[in-house]
Amino acid sequence: MKQRKEQGKDRERHKRYKAQRKDQREQRFYSSNDWELMKQAIINKYKGMCIYSYYTENKIVSYDTIHHIVPVKDDWNMRLHLYNLIPVTESVHQKLHKMYEKDKEGTQQMLNNLIAKWNGWG
């Protein structure tokens, strides 16, 4: 369970991110009940862990955010797809976005492989 101080930081970070988001449809989505329910399902499914840290760094670390493997901007229909979402720490989230700039498809494949591994498919 996150401490109050950490939750406050998460809220501040989310508030700044939200203020920068221009797409109103996307803004409504991230405030929707559907998104809140899906986030909770992801947290439960992955036991609140950063899956990237678990498999690539052999560390058990609590997640900070839920990352869309295929971004909402790229495919609106994937926004609530269970296997398009992966819990990660904020530092991993930033790292993934930098990795997307260099090799988006390769990074997405790596994340899909981590999900497959967690689910016993790979």
Side-chain angles (χ1 to χ4, degrees):
M1 198 69 156
K2 290 188 178 185
Q3 301 297 330
R4 286 182 193 256
K5 188 175 181 180
E6 290 174 350
Q7 288 173 338
K9 282 191 205 170
D10 288 347
R11 277 194 281 269
E12 266 309 304
R13 180 178 45 80
H14 180 72
K15 189 176 176 181
R16 285 191 309 272
Y17 176 73
K18 190 176 172 183
Q20 295 171 352
R21 192 182 297 133
K22 305 294 183 210
D23 185 331
Q24 292 302 308
R25 180 173 76 158
E26 192 175 321
Q27 183 81 352
R28 283 189 306 273
F29 163 67
Y30 283 112
S31 299
S32 72
N33 286 335
D34 288 342
W35 176 239
E36 291 302 319
L37 290 171
M38 181 54 77
K39 279 192 331 186
Q40 193 57 53
I42 294 297
I43 293 163
N44 292 340
K45 179 171 185 48
Y46 297 103
K47 303 186 185 321
M49 292 190 314
C50 172
I51 298 305
Y52 181 90
S53 296
Y54 183 70
Y55 285 116
T56 65
E57 301 167 358
N58 296 315
K59 294 180 185 176
I60 296 176
V61 182
S62 294
Y63 88 102
D64 292 318
T65 192
I66 308 292
H67 175 73
H68 282 88
I69 297 171
V70 175
V72 173
K73 287 180 184 353
D74 292 355
D75 188 344
W76 179 255
N77 293 324
M78 293 294 287
R79 72 192 182 283
L80 291 170
H81 192 285
L82 183 64
Y83 300 113
N84 186 48
L85 301 165
I86 186 167
V88 294
T89 65
E90 184 56 31
S91 63
V92 167
H93 193 226
Q94 296 304 318
K95 180 179 182 173
L96 292 174
H97 282 284
K98 288 177 183 171
M99 291 168 69
Y100 273 33
E101 291 173 11
K102 293 179 182 176
D103 181 10
K104 187 175 188 175
E105 289 180 13
T107 303
Q108 289 172 323
Q109 185 59 52
M110 179 268 301
L111 293 172
N112 284 321
N113 290 342
L114 297 180
I115 288 173
K117 195 171 188 178
W118 179 269
N119 287 293
W121 309 328

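Values in this document were obtained by computation on a predicted structure and should not be read as measured data.
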Applying ring-ring contact (aromatic ring centres under 6.0 Å, His included) to F29 and not counting sequence neighbours gives W35, W76

Distance-only donor-acceptor hits, side chain of residues 43-51, under 3.5 Å, sequence neighbours excluded:
unit_1	atom_1	unit_2	atom_2	d
N44	OD1	Q40	NE2	3.2
N44	ND2	Q40	O	3.3
K45	NZ	N119	OD1	2.7

With sequence neighbours left out, the residues meeting salt bridge (Lys or Arg N to Asp or Glu O under 4.0 Å) with K104 are D74

Requested in this report: Could you state whether V61 and I86 fall into the same hydrophobic cluster, counting links through intermediate Ile, Leu, Val, Met, Phe, Trp or Tyr residues with side-chain heavy atoms under 4.5 angstrom apart?
Outcome: no

Review point. Any side-chain heavy-atom pair from I69 and I115 closer than 4.5 angstrom?
Key: yes

Across all chains, not counting sequence neighbours, the salt bridge (Lys or Arg N to Asp or Glu O under 4.0 Å) partners of D75 are none

- Task: Establish, yes or no, whether a centroid distance under 6.0 Å links the rings of W118 and Y83.
- Result: no

Q. Using a distance-only test with no angle check, is there a side-chain donor-acceptor pair under 3.5 angstrom linking N112 and Q108?
A. no

Backbone of T89 reached by a side-chain donor or acceptor of D64 within 3.5 Å: no

inquiry  = Quick check on the hydrophobic clustering: are I66 and L37 connected, directly or via other members, by side-chain heavy-atom contacts under 4.5 Å?
reply    = no

side-chain hydrogen bond (donor to acceptor under 3.5 Å, both in side chains) filter on K39, not counting sequence neighbours, yields E36

Nearest heavy-atom contact between Y52 and L111 is CD1-CD2, 4.4 Å

Open item on the list: With clusters defined by side-chain heavy atoms of hydrophobic residues (ILVMFWY) lying less than 4.5 Å apart, directly or transitively, does M38 cluster with V70?
Closed with: no

Across all chains, not counting sequence neighbours, the side-chain hydrogen bond (donor to acceptor under 3.5 Å, both in side chains) partners of H67 are H93, Y100

Sub-3.5 Å donor-acceptor pair from the side chain of N84 to the main-chain atoms of H68, do we have one? no

